[in-house]
Amino acid sequence: MKHGHIPRVTIGRLSMYIQELESMAREGIEVVSSEPLAKACDVNASQVRKDLSYFGEFGVRGVGYNIAKLLESISLALGIHRQWNVALVGIGNLGRALLNHPEFKQRNFHVVAAFDCDPFKIGEIVQGTEIICTKRLNEKVRELGIEIGILTTPPERTQRATQHLIDAGVRAILNYTPARLRVPEGVHVEYVDFFHSLYTLSLNLSLGERHL
C-alpha cells in the first residue's frame with residue numbers, strides 16, 4: 001500500500017470497485033480503464049484514479065488497470081486476502097438470514113459460531129452452524145479464534161452482547177441494531193442502519209413531490 005491512511009469515504013467506495021472488478025474478471029476482461037469502472041460505480045474517473053492511487057501505481061497510461069493485480073492489491077490492503085472468523089450474536093429472523101447468506105464465506109468472512117440466550121434456540125442447527133448459549137461466548141471466542149462480532153440482537157440487549165464480545169477479546173463489531181454502542185478505545189464499530197437509508201430515500205421522494 002502506497003499510503004498508510006486511507007480516507008473513510010474511499011474505503012466505502014472500494015467495495016463497489018471490488019464488486020465491479022470481480023464481475024469484469026468473471027466476464028473474462030483482463031484490463032479496464034478508469035472511465036468504465038467509474039461509470040459502473042456512478043463516480044467520476046478522476047475519483048477512481050485518486051482512490052486507487054492509495055495502493056500504488058497500477059495503471060498504464062492509455063491502457064488501464066490489470067484487473068487481477070488490482071483486485072489482489074486492494075484485497076491485501078483491506079485484509080480480505082485471508083480468512084476472518086466471525087461470531088453472530090442474536091439468531092432471530094435477521095440473524096438466520098445472515099447465516100444463510102453465502103457471500104460471507106466467499107469473501108473470507110467465516111461465521112464460525114452463532115449465539116443466543118433463548119433456551120428454545122440453543123442447540124438448533126442453522127445452515128450447518130449450531131446455536132450456542134451466550135454464556136459460552138468467552139470460551140468459544142478463544143477456542144475458535146473469533147476476531148469479528150456481528151450483532152442482530154434486540155436493541156435493549158445489544159449493549160450487553162457488545163460487552164460480552166469485548167470481554168472475550170473481540171475488537172471489531174458490526175452492529176445491525178439501532179442501538180448506539182458504548183465501547184472503549186481500540187474497539188472498532190460499524191453500523192448497518194436500514195432505516196437511515198429508507199429515511200434518505202423517503203426524503204428524496206418527498207422533495208421530488210414538492211417540486212412537481
Side-chain angles (χ1 to χ4, degrees), residues 1-86 88 94 97-98 101-111 147-152 171-178 180-181 183 186-205 207-208:
M1 189 166 58
K2 186 177 178 181
H3 302 286
H5 174 72
I6 304 176
R8 190 179 181 86
V9 291
T10 296
I11 295 173
R13 287 189 291 267
L14 288 177
S15 62
M16 293 191 300
Y17 299 159
I18 288 174
Q19 291 179 38
E20 288 301 328
L21 290 168
E22 288 175 340
S23 177
M24 292 175 183
R26 286 193 295 270
E27 294 174 8
I29 301 172
E30 296 181 357
V31 177
V32 63
S33 66
S34 55
E35 284 78 9
L37 182 58
K39 184 176 180 180
C41 297
D42 197 26
V43 297
N44 61 63
S46 61
Q47 185 64 68
V48 169
R49 290 192 292 270
K50 182 179 179 181
D51 289 341
L52 297 183
S53 71
Y54 285 99
F55 305 96
E57 303 298 332
F58 298 102
V60 177
R61 187 177 297 276
V63 177
Y65 299 97
N66 179 284
I67 291 176
K69 289 183 179 179
L70 189 55
L71 276 171
E72 181 181 1
S73 297
I74 295 175
S75 297
L76 184 63
L78 293 180
I80 55 175
H81 61 294
R82 59 97 151 180
Q83 175 178 320
W84 295 93
N85 289 344
V86 178
L88 180 61
L94 178 56
L98 293 178
H101 201 310
E103 287 204 25
F104 278 102
K105 186 172 290 187
Q106 292 172 12
R107 296 185 180 278
N108 274 343
F109 296 96
H110 292 218
V111 179
E147 297 168 279
I148 298 174
I150 298 178
L151 296 173
T152 55
R171 293 293 177 265
I173 297 171
L174 180 62
N175 182 19
Y176 274 89
T177 83
R180 308 306 291 185
L181 305 182
V183 300
V187 175
H188 308 281
V189 178
E190 289 290 331
Y191 294 90
V192 179
D193 192 334
F194 298 117
F195 287 105
H196 174 79
S197 298
L198 286 170
Y199 293 155
T200 301
L201 290 172
S202 64
L203 172 63
N204 289 332
L205 287 172
L207 291 174

Considering residues at least two apart in sequence or located in another chain, which fulfil the side-chain contact (heavy atoms from CB on, under 4.5 Å) criterion with [X]?
| X | value |
| --- | --- |
| His110 | Gln83, Asn85, Lys105, Asn108, Val112 |
| Ala40 | Glu20 |
| Pro7 | Val9, Thr10, Tyr54 |

Problem set entry | Which atom of Cys41 lies closest to which atom of Tyr17, heavy atoms considered | SG-CD2, 3.6 Å
For this session: Could you tell me which non-hydrogen atom of Asn44 sits nearest to which non-hydrogen atom of Ser46, and how far apart they are?
Result: OD1-OG, 2.6 Å
Rounded distance [0.5 Å steps], [atom1] in [X] versus [atom2] in [Y]:
| X | Y | atom1 | atom2 | value |
| --- | --- | --- | --- | --- |
| Asn204 | Leu207 | CG | CG | 6.5 Å |
| Leu52 | Leu37 | CG | CG | 6.5 Å |
| Leu151 | Leu88 | CG | CG | 8.5 Å |

Excluding sequence neighbours, so at least two apart, what forms side-chain hydrogen bond (donor to acceptor under 3.5 Å, both in side chains) with [X]?
| X | value |
| --- | --- |
| Arg82 | Glu147 |
| Ser34 | Arg49 |
| Thr200 | none |
| His81 | none |

For this session: Apply the test side-chain contact (heavy atoms from CB on, under 4.5 Å) to residues Phe194 and Leu94: give CA-CA distance (whole Å), side-chain angles for both, the deciding distance (0.1 Å), then the verdict.
Result: CA-CA 12 Å; Phe194 298 117; Leu94 178 56; 4.2 Å; yes
Exercise. Has Glu72 got more than 12 heavy atoms of other residues, nucleotides or ligands less than 6.0 Å from its CD?
Worked result: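 Incorrect, the count does not exceed 12.
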Show the atom names and distances, to 0.1 Å, of all donor-acceptor pairs under 3.5 Å that link a side chain in residues 22-31 to residues at least two apart or in another chain.
unit_1, atom_1, unit_2, atom_2, d
Glu22, OE1, Arg107, NH1, 3.1
Glu22, OE1, Arg107, NH2, 3.1

Does a side-chain heavy-atom distance below 4.5 Å link [X] with [Y]?
| X | Y | result |
| --- | --- | --- |
| Leu181 | Val187 | no |
| Thr152 | Thr177 | no |
| Phe109 | Ile80 | yes |
| Ile150 | Val86 | yes |

For this session: Go through the structure and list residues passing ring-ring contact (aromatic ring centres under 6.0 Å, His included) with Tyr176, not counting sequence neighbours.
Result: none
Exercise. Any donor and acceptor pair, going by atom type alone, linking the side chain of Trp84 with main-chain N or O of Val111 inside 3.5 Å?
Worked result: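 Side chain of Trp84 to backbone of Val111, a donor-acceptor pair under 3.5 Å: no, none is there.
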Exercise. Do Tyr199 and His196 have their ring centres less than 6.0 Å from each other?
Worked result: no
Exercise. Which residue pairs pass the salt bridge (charged side-chain N to carboxylate O under 4.0 Å, His left out) test when at least one of the two sits in residues 188-198, sequence neighbours left out?
Worked result: Arg8-Glu190
For this session: May I have the step-by-step check of side-chain contact (heavy atoms from CB on, under 4.5 Å) for Leu21 and Val32, ending in yes or no?
Result: CA-CA 9 Å; Leu21 290 168; Val32 63; 3.9 Å; yes
